[in-house]
Structures are given as C-alpha cells and as structure tokens.
Enquirer: 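A single structure is presented below for examination.
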There are 2 protein chains.
Amino acid sequence: MENYTVLLHEHHLKATPQRLEIAYALDIYGHINIEKLYTILLQKFKTISLATIYKNINLMLDASFIQEVKIPDAKSVYELTKETHSHAICTQCSHIEDLSLNLNNIKENASSATQFQIKKADLIFSGLCKNCQ
Amino acid sequence: MENYTVLLHEHHLKATPQRLEIAYALDIYGHINIEKLYTILLQKFKTISLATIYKNINLMLDASFIQEVKIPDAKSVYELTKETHSHAICTQCSHIEDLSLNLNNIKENASSATQFQIKKADLIFSGLCKNCQ
DNA sequence: CTGGGTGCAAAGTATTTGCATGAAC
DNA sequence: GTTCATGCAAATACTTTGCACCCAG
C-alpha cells in the first residue's frame, strides 16, 4: 500500500494529514485499538485529540474504509478493509494474524441449519501463536 | 433447565434471588444484553441497581457460568454456558440463533496456516432470519 | 472560496468501586 | 456467626457533541 490519499478519496474522505497517518498506522500495524492509535498519532501531532480519532474512526467505518474486529476478552481493533478474511489472536501476546479460509461449505451448512440468508461470517480463533507456545 | 441454585453452586456462586433471576432470564431469552437484563430484573426487584447486574455478570463470566457473545454492530449479549456452538444473528430483527457446526476441519486449516495452537473458534453469521427475508 | 475537519471543552453513556446494610450458607 | 451480595452514591472510563477556527479541494 502506498497512496493513502487516493485510497481515502476513493472512499469519499478528504485526505487530511491526520487521516493519512491513521491509514498509515493501520497499514503498518495491521490491527490497532483506539488507545494505541491515539498514542501513535500523538507522536506526529502533538495536539491531536481523542475526539478526532473517534470521529475519523466512525467516518471511516461508515465509508467502509476500515473495519472493526471484535475480539474475545479485549478491546476492538480496526484494520484497513481488505478481502474477506478470518483472524487468529494469541491469548498470550495479543498478536493478531489474518488468514484466508474458504467458508463456503460452512456457510451453506449454517444456512440450511438456520434457514438464514447469510451475508457474512465472522470467524476468530483464539490460541497461542508460534512464539508463545 | 430448572435448578439454577444447584447450577450456581456448581460454579461456586451463592444462589441469591437476583442471581437466580439472572439465570432464569438468560435461560428463557437465550441471549440478553445488559440493558435488557436490567429491565427484566427491575420487574422482579424494584430496587435492583445496575451495579448489581454488572457485578454479577462479571462474576458469572469469571466462573464460566455464562459467556459473552460479541456481535457485529451491536452490544454484547450473554448466555448460559453450554456446549460449544456458533451463532447466527439477524441484521433486521436482532434475533440470535445457536447452531452446532463441526469446526474441526477449519480449525486444522487455521492451525496449519498460522502455526497457532488453537484453543477455540468463535464464529458468528450475520444475515436475515427466516421471518425477515 | 466553501465545505468539511480539527482541537478543545463539555456532555453523555457505560462500567466500576467503596461502603454500610443485609442475606446465604 | 462469617462470608459475601446488595443497593446506593460517587468515581472512573469510554464515546459523542458543539463550536470557533482552519485547511483540503
């Protein structure tokens, strides 16, 4: 990833320095929670406020520029919107990894079991990452 | 389900009237958020406080008497601990359904893809329930 | 230039804590 | 009787809002 300005514009968001830095941080770190994002942005913008973070996160969510990932026993983190994928989180070090899994079969099973018209499946694994085992 | 006193004791929790009612409400409704739980308990205990709800929910979570279910774009709900299962939520009416799916295969795939030692998989489907389609 | 973004302060909402009283075991 | 739960009030944490000023397009 490189041109966050274009990416923001594609989502009908103005490319302010603060937003560019949020996009950059999400891209580099992969998954960040509000608190950490604030800490990171503070290094670049000495006077940035949490209100700005929250406003932008909410706008970016509305614009589908980013996605929220709800994690068991932890605060939500945010990531740039990419192809659909699942997550694995380490209960020891909190490291989060993306993974692509084919969920078509399981979606069909769920659909016939529930009679739901299923639109998406959020799947998150918890365990120990390679380093923490 | 019937004897919530025994069930509470099995989890090393005293069987107070408030807790019995929480257990009953969770059993009947299946999945409830804090706010709704408070509303329900208020009918039985005119002076119950939200603090009591929160304290009990946290104790019950610690004791694995109940589980939290994090839902996309909505507040968490709680359910009595049962066999491992997945959830489907209707984006229209918020109805939540439990379903049993065999995730062994997908867990193995995730394990080899991430090198994680996987302990659990939380899977939640979003879509339209039979009534809302 | 103009619409929208930023930062600050304040408000609003959600959750936790301390403590005196009361109930479970 | 002893331990722990309850309910209230207050404190803390989290998130949103209003507004004056400023910047991206």
Enquirer: Please check if any side-chain donor atom of Glu97(B) sits under 3.5 Å from a side-chain acceptor atom of Thr114(A), or the reverse.
Expert: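 Not at all, the side chains of Glu97(B) and Thr114(A) share no donor-acceptor pair under 3.5 Å.
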
Enquirer: Does OP1 or OP2 of dC23(D) have a side-chain N or O of Gln18(A) closer than 4.0 Å?
Expert: no

Enquirer: Lys75(B) near the nucleic acid: base, sugar-phosphate alone, or nothing, with a heavy-atom cut-off under 4.0 Å?
Expert: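 Result for Lys75(B) = sugar-phosphate.
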
Enquirer: Take the protein atom CZ of Phe45(B) and the nucleotide atom P of dT6(D), then report the distance between them rounded to whole Å.
Expert: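 Checked: the CZ to P distance equals 9 Å.
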
Enquirer: Name the residue closer to the 5' end of DNA chain C, choosing between Glu35(B) and Pro17(B) according to the nucleotide with the nearest heavy atom.
Expert: Glu35(B)

Enquirer: Which part of the nucleic acid, if any, lies within reach of Thr52(B) when heavy atoms closer than 4.0 Å are counted: base, sugar-phosphate only, or nothing?
Expert: base

Enquirer: Would you say a side-chain N or O of Thr16(A) is under 4.0 Å from OP1 or OP2 of dT6(C)?
Expert: yes

Enquirer: Asn56(B) CG to dA24(C) C1': how many Å, rounded?
Expert: 13 Å

Enquirer: Any side-chain N or O of His9(A) below 4.0 angstrom from OP1/OP2 of dA24(D)?
Expert: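 So the side chain of His9(A) is outside the cut-off, no N or O lying under 4.0 Å from OP1 or OP2 of dA24(D).
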
Enquirer: Please determine whether a side-chain nitrogen of the Lys or Arg among Asp98(B) and Lys82(B) lies less than 4.0 Å from a carboxylate oxygen of the Asp or Glu.
Expert: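 Salt bridge present between Asp98(B) and Lys82(B).
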
Enquirer: Which one, dC8(C), dA5(D), dA9(D), comes nearest to the side chain of Ala51(A)?
Expert: dC8(C)

Enquirer: Indicate, with a heavy-atom threshold strictly under 4.0 Å, whether His12(B) touches base, sugar-phosphate, or nothing.
Expert: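 Answer is nothing: His12(B) stays at 4.0 Å or more from every strand.
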
Enquirer: In whole angstrom, give the distance that lies between atom OH of Tyr38(B) and atom C1' of dT13(C).
Expert: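 Taking OH of Tyr38(B) and C1' of dT13(C), I get 14 Å after rounding.
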
Enquirer: For the residue pair Ser76(A) and Glu68(A), confirm or rule out a side-chain donor-acceptor distance under 3.5 Å.
Expert: yes

Enquirer: To the nearest angstrom, how far is Leu13(A) atom CG from dG5(C) atom P?
Expert: 8 Å

Enquirer: CG of Asp62(B) versus P of dA5(D): gap in Å, rounded?
Expert: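 Between P of dA5(D) and CG of Asp62(B): 12 Å.
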
Enquirer: I'd like to know if Lys55(A) reaches the base of dG7(C) with its side chain, counting only an N/O donor and acceptor under 3.5 Å.
Expert: yes

Enquirer: Specify the separation, in whole Å, of atom CG of Leu20(A) and atom P of dA24(D).
Expert: 10 Å

Enquirer: Are His85(A) and Glu83(A) linked by a side-chain donor-acceptor pair shorter than 3.5 Å?
Expert: no

Enquirer: How close or far is atom C1' of dC8(C) from atom CG of Leu42(A), stated in whole angstroms?
Expert: 14 Å

Enquirer: Does the Ser112(B) side chain pair with the main chain of Glu108(B), one donor and one acceptor, at a distance under 3.5 Å?
Expert: yes

Enquirer: In whole angstrom, what separates Leu50(B)'s CG from dT17(C)'s P?
Expert: 15 Å

Enquirer: Judged by each residue's nearest nucleotide on DNA chain D, which is more toward the 5′ side, Ile48(B) or Tyr54(A)?
Expert: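 Closer to the 5' end of DNA chain D: Ile48(B).
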
